[in-house]
Amino acid sequence: MSLSVCNVSCPGRQAGSRSHRRVVRSSTGYLNACYCRLPAGLTDKASRLSGPGVEVWSRRRASCKAAMACAAAERKAIRVLLVEDEEIHRVLARALLRSAVGGVELDEARTGAEAVRRVRDGGAAGAYDLIITDGKMPVMDGREATRQIRAMGVTTPIVGLSSDTFPSDVDAFLKAGADDFTPKPLSKEKLVRILAKFNLA
């Protein structure tokens, strides 16, 4: 039987938790092995095992889920600016982003003008990892907002999101500086594709 070990460390020690070492997998089964901070009540249930040249800790299934959650928490959160004037589409995008990404810091703007201001406040380097913007909005539409954001020298990926899907509409978004376009409504499949394209998954 062969064993492979992974080490996962979770930032931020919480009260009542402590480090615990566990093992991951073998040729005959899956054990789950990593370094992770878990509530003291969980680690009390661990039992020590020994094998040729290895030191392992056996855990019940519940602890495996805790370790997986711990590993997910370690991933860097991405910052997303959602520009959308319709509440129903903001609610949908909010739910999809939070379920598809390990960690997301989401800012929302209801007009293109507000989006430009938020990006400007973040500095020319850009405070966001991704901008998703609607096309038609009051005050300033998504295409004009995209042009102004690009004029600031910001290179953050911008994705146009609109129900106007004629080739001329898509082309107008791309010419304004958008990196990608997807038709409304946003879906899990569309979002996964976007995140993968910009290495944000």
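Contact of the Pro138 side chain with the Asp85 side chain is registered, since non-hydrogen atoms from C-beta on lie closer than 4.5 Å. Under the 4.5 Å side-chain criterion, counting only non-hydrogen atoms from C-beta, Leu130 is in contact with Ile194. Counting heavy atoms from C-beta outward, Val83 and Leu81 have side chains that approach closer than 4.5 Å. Looking at heavy atoms from C-beta onward, Lys136 lies out of side-chain contact with Glu86 at the 4.5 angstrom threshold. You'll find the side chain of Leu92 reaches within 4.5 Å of the side chain of Pro185, heavy atoms only. For the pair Asp107 and Tyr128, the minimum side-chain heavy-atom distance is below 4.5 Å.
Heavy atoms only, all atoms of each residue included: Pro183 and Leu161 are closest at O-CD1, 3.9 Å. What you find for Gly135 and Ser162 is that their closest heavy atoms are N-CB, 4.2 Å. Across every non-hydrogen atom of Val116 and Met140, the tightest pair is CG2-SD, 4.0 Å.
Leu106 and Phe198 fall within a single hydrophobic cluster, where Ile, Leu, Val, Met, Phe, Trp and Tyr side chains are chained together by heavy-atom contacts under 4.5 Å.
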Let's go through Glu114 and Met137 carefully: what are the C-alpha distance in whole Å and the side-chain angles of both, what is the deciding distance for side chain to side chain contact (heavy atoms under 4.5 Å, CB included) to 0.1 Å, and is it a yes or a no?
CA-CA 11 Å; Glu114 184 181 353; Met137 292 176 289; over 6 Å; no
Derivation of the side chain to side chain contact (heavy atoms under 4.5 Å, CB included) call for Met152 and Val119:
CA-CA 9 Å; Met152 289 187 275; Val119 173; 3.9 Å; yes
Run the side chain to side chain contact (heavy atoms under 4.5 Å, CB included) check on Leu191 and Leu195 step by step: do they pass?
CA-CA 6 Å; Leu191 181 58; Leu195 295 173; 4.0 Å; yes
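By the 4.0 Å N-to-carboxylate-O rule, Glu108 lies close enough to Arg94 to be salt-bridged with it. Salt bridge annotation for Arg90-Glu84: absent, with no cationic side-chain nitrogen under 4.0 angstrom from a carboxylate oxygen. Here Asp134 pairs with Lys184 in a salt bridge; the nearest charged N to carboxylate O distance falls below 4.0 Å.
The backbone N or O of Val192 sits nowhere less than 3.5 Å from a side-chain atom of Lys197 that would complete a donor-acceptor pair. Between the side chain of Asp180 and the backbone N or O of Val159, no donor-acceptor pair lies under 3.5 Å.
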Let me have the donor-acceptor pairs involving side chains of residues 141-149, under 3.5 Å, with sequence neighbours excluded, atom names and distances please.
from, atom 1, to, atom 2, distance (Å)
Asp141, OD1, Arg143, N, 3.2
Asp141, OD1, Glu144, N, 2.8
Glu144, OE1, Arg147, NE, 3.0
Glu144, OE1, Arg147, NH2, 3.1
Glu144, OE2, Gln148, NE2, 3.1
Thr146, OG1, Gly142, O, 2.8

Which pairs would a plain distance check flag for residues 170-179, meaning a side-chain donor or acceptor within less than 3.5 Å of a matching protein atom at least two apart in sequence or in another chain?
from, atom 1, to, atom 2, distance (Å)
Asp171, OD2, Lys175, NZ, 3.2
Asp179, OD2, Arg150, NH2, 2.6
Asp179, OD2, Ile158, N, 2.8

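Atom CD1 of residue Ile78 and atom CG of residue Asp129 lie 6.0 Å apart, to the nearest 0.5 angstrom. Note that CG of Leu82 is 11.0 Å distant from NE2 of His89, once rounded to the nearest 0.5 Å. Put simply, CD1 on Ile132 and CG on Leu96 are 9.5 Å apart, with the number rounded to the nearest 0.5 Å.
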